[in-house]
Amino acid sequence: MRDILDLHTHTVASGHAYNTMAEMIHTAREKGLEVYGITEHAPGMPGSCHEFYFHNLKVVNRQHGEMELLLGVELNILDEKGTVDLDEPYLGKMDVTIASLHTPCTDPGSREWNTQCLIQAMKNPHVNIIGHPDDGRYPLDYTAVVQAAKEYHTLLEINNNSLNPKGFRQNARENDLELLRLCKKYQVPVILGSDAHYEQDILNHDLALQILDEADFPEILVVNTDRKKLYPYINKYSS
C-alpha cells in the first residue's frame, strides 16, 4: 500500500521525546514522506510545552523541498464534555489536531463516560483526528464512536505504538480489529499514525499495516495513500 504521510509525531518539546524539530524533519524527508506532521502534546501533559509554543508555530516554514510540513497539537480530552487543553485562538490556528485520552491527564471511566469523552470532542470543529482509540484502559462503545466519526467528519487513528508488544496500552489488537470492522461497515476512513517519539520511528506503520491486512480493510478508506484524501479533514484545508 502506498503510504506517504505520518502526522502523529513528537519532538523534545513534548517533554518525553528525543529529537529536535529539525532532526525529525530531516529524517521525514529522507524517508520520502509527502506530508509530515509534528503534533506536540498539549500543555496538560506533564513536561510538555506552554501554549505560547503553539502560538509561535507561525514562524516555521511549512515547505521542505517536496515535503509539506503540518504543525499542530495532540490534545488531551479532559472530561465527558469533550473539553481539551488548548483554547482559542491557539486551537483554530493549528494545521492539524489530534485529540486523545491519556492517563496522566484523564482517569479512565465507565464505557459510557469514555465514549462520551470522544464523541463530545469530535463535535469540536477544530478536532481533526481521534488518537489511539484502541487503548483498552478506556473501554469504548465502538459502534457509537465510529458513527460519531462519520457524523462529525473526524478521522480515527490506527496507532502503531498501541500495537507494540512493549507498549502499555491494553488489548489494542482486539480493539483495532473491532474498530476496523465497524469502519468498513459504515465506510469511515482511518489514518495510520506512528506516534513517533524518536526519529527512526517516523513512518513506522508496520504493525498498523499488519492489522489492516488481517481485517481485510479497504485501501480506499486509508487516507495515508493520498494527500487529497487527508486535506478535507484537517484544519489547514477544511476551514
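It should be emphasised that the depicted structure is a prediction, and the values quoted were computed from it without experimental measurement.
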Exercise. Would you find a donor on one side and an acceptor on the other, under 3.5 Å apart, between the side chain of Thr106 and the backbone of Thr103?
Worked result: no
Exercise. Distance-only, no hydrogens or angles: does the Lys150 side chain make a donor-acceptor pair with backbone N or O of Tyr186 under 3.5 Å?
Worked result: yes
Exercise. Do Thr27 and Gln200 have side-chain atoms, one donor and one acceptor, less than 3.5 Å apart?
Worked result: no
Seminar exercise, completed: Taken in chain and number order and not counting sequence neighbours, the residues that satisfy side-chain contact (heavy atoms from CB on, under 4.5 Å) with Lys58 are His55, Asn56
For this session: State plainly whether one hydrophobic cluster holds both Leu177 and Met1, where clusters connect Ile, Leu, Val, Met, Phe, Trp and Tyr through side-chain heavy atoms under 4.5 angstrom apart.
Result: yes
For this session: Indicate yes or no for a side-chain donor-acceptor contact from His64 to the backbone of Asn61 under 3.5 Å, with no hydrogens or angles considered.
Result: yes
For this session: Tell me whether Ile38 is reachable from Leu7 by hopping between hydrophobic residues (I, L, V, M, F, W, Y) whose side-chain heavy atoms are closer than 4.5 Å.
Result: no
Problem set entry | Side-chain heavy-atom pair Asn160, Leu192 within 4.5 angstrom cut-off | no
Exercise. Looking just at side-chain N and O atoms, do Thr11 and Tyr18 make a donor-acceptor pair shorter than 3.5 Å?
Worked result: no
Problem set entry | Main-chain N/O of Leu71 paired with Asp95 side-chain donor or acceptor, under 3.5 Å | yes
For this session: Keeping to residues at least two apart or across chains, list the salt bridge (Lys or Arg N to Asp or Glu O under 4.0 Å) pairs with something in residues 100-118.
Result: Arg111-Asp141
Exercise. Side chains of Ile4 and Thr225: closer than 4.5 Å at any heavy-atom pair?
Worked result: no
Exercise. Just by modelled atom types, is the Gly92 backbone N or O under 3.5 Å from a matching donor or acceptor in the Glu88 side chain?
Worked result: yes
Exercise. Looking at side-chain heavy atoms only, is the closest gap between Asn114 and Pro139 below 4.5 Å?
Worked result: yes
For this session: For the pair Asp6 (side chain) and Leu33 (backbone), establish whether a donor and an acceptor sit closer than 3.5 Å, ignoring hydrogens and angles.
Result: no
For this session: Apply the test side chain to side chain contact (heavy atoms under 4.5 Å, CB included) to residues Leu57 and Arg62: give CA-CA distance (whole Å), side-chain angles for both, the deciding distance (0.1 Å), then the verdict.
Result: CA-CA 10 Å; Leu57 289 175; Arg62 299 302 204 270; 4.2 Å; yes
Exercise. Has the side chain of Asp79 got a donor or acceptor atom that lies under 3.5 Å from a matching backbone atom of Thr83?
Worked result: yes
For this session: Look at Glu66 together with Arg29 and state whether they make a salt bridge at an N to O cut-off of under 4.0 Å.
Result: no
Problem set entry | Among Asn175, Val190, Asp134, side-chain contact (heavy atoms from CB on, under 4.5 Å) partner for Leu180 | Val190
Exercise. Crowded around Tyr233 OH? As in, over 12 foreign heavy atoms under 6.0 Å?
Worked result: yes
For this session: Using a 4.5 Å cut-off on heavy atoms from C-beta on, say whether the side chain of Pro43 contacts that of Leu86.
Result: yes
For this session: Compare all side-chain heavy atoms of Leu221 with those of Cys183 and state whether any distance is below 4.5 angstrom.
Result: no
Exercise. With a 4.0 Å cut-off, would you call Glu34 and Arg2 a salt bridge?
Worked result: yes
Exercise. With the threshold set at 4.0 Å, does a side-chain nitrogen-carboxylate oxygen contact exist between Asp195 and Arg169?
Worked result: yes
Exercise. Does Asp85 reach the main-chain N or O of Asn76 with its side chain, forming a donor-acceptor pair under 3.5 Å?
Worked result: yes
Exercise. Can any side-chain N or O of Ser14 pair as donor or acceptor with the backbone N or O of His10 at less than 3.5 Å?
Worked result: no
Exercise. Is the shortest heavy-atom distance from the side chain of Ile130 to the side chain of Leu155 under 4.5 Å?
Worked result: no
Exercise. In this structure, are over 12 heavy atoms from other groups packed under 6.0 Å from His153 atom NE2?
Worked result: yes
Exercise. Is the shortest distance from a Lys or Arg side-chain nitrogen in Lys31 or Glu199 to a carboxylate oxygen in the other one below 4.0 Å?
Worked result: no
For this session: Could you walk me through whether His102 and His132 pass the ring pair (Phe, Tyr, Trp, His ring centres under 6.0 Å) test, one step at a time?
Result: CA-CA 10 Å; His102 292 112; His132 46 77; 5.0 Å; yes
Compile the donor-acceptor pairs under 3.5 Å between side chains in residues 44-52 and protein atoms, sequence neighbours left out, one pair per line.
from, atom 1, to, atom 2, distance (Å)
Ser48, OG, His41, O, 2.5
His50, ND1, Phe52, N, 3.0

Exercise. Taking NZ, NE, NH1 and NH2 as the nitrogens, is one of them in Asp135 or Arg137 under 4.0 Å from a carboxylate oxygen of the other?
Worked result: yes
Seminar exercise, completed: CD (Gln210) and CZ (Arg173) are apart, to the nearest 0.5 Å, by 10.0 Å
Problem set entry | Any donor-acceptor N/O pair, Asn235 side chain to Val96 backbone, under 3.5 Å | no
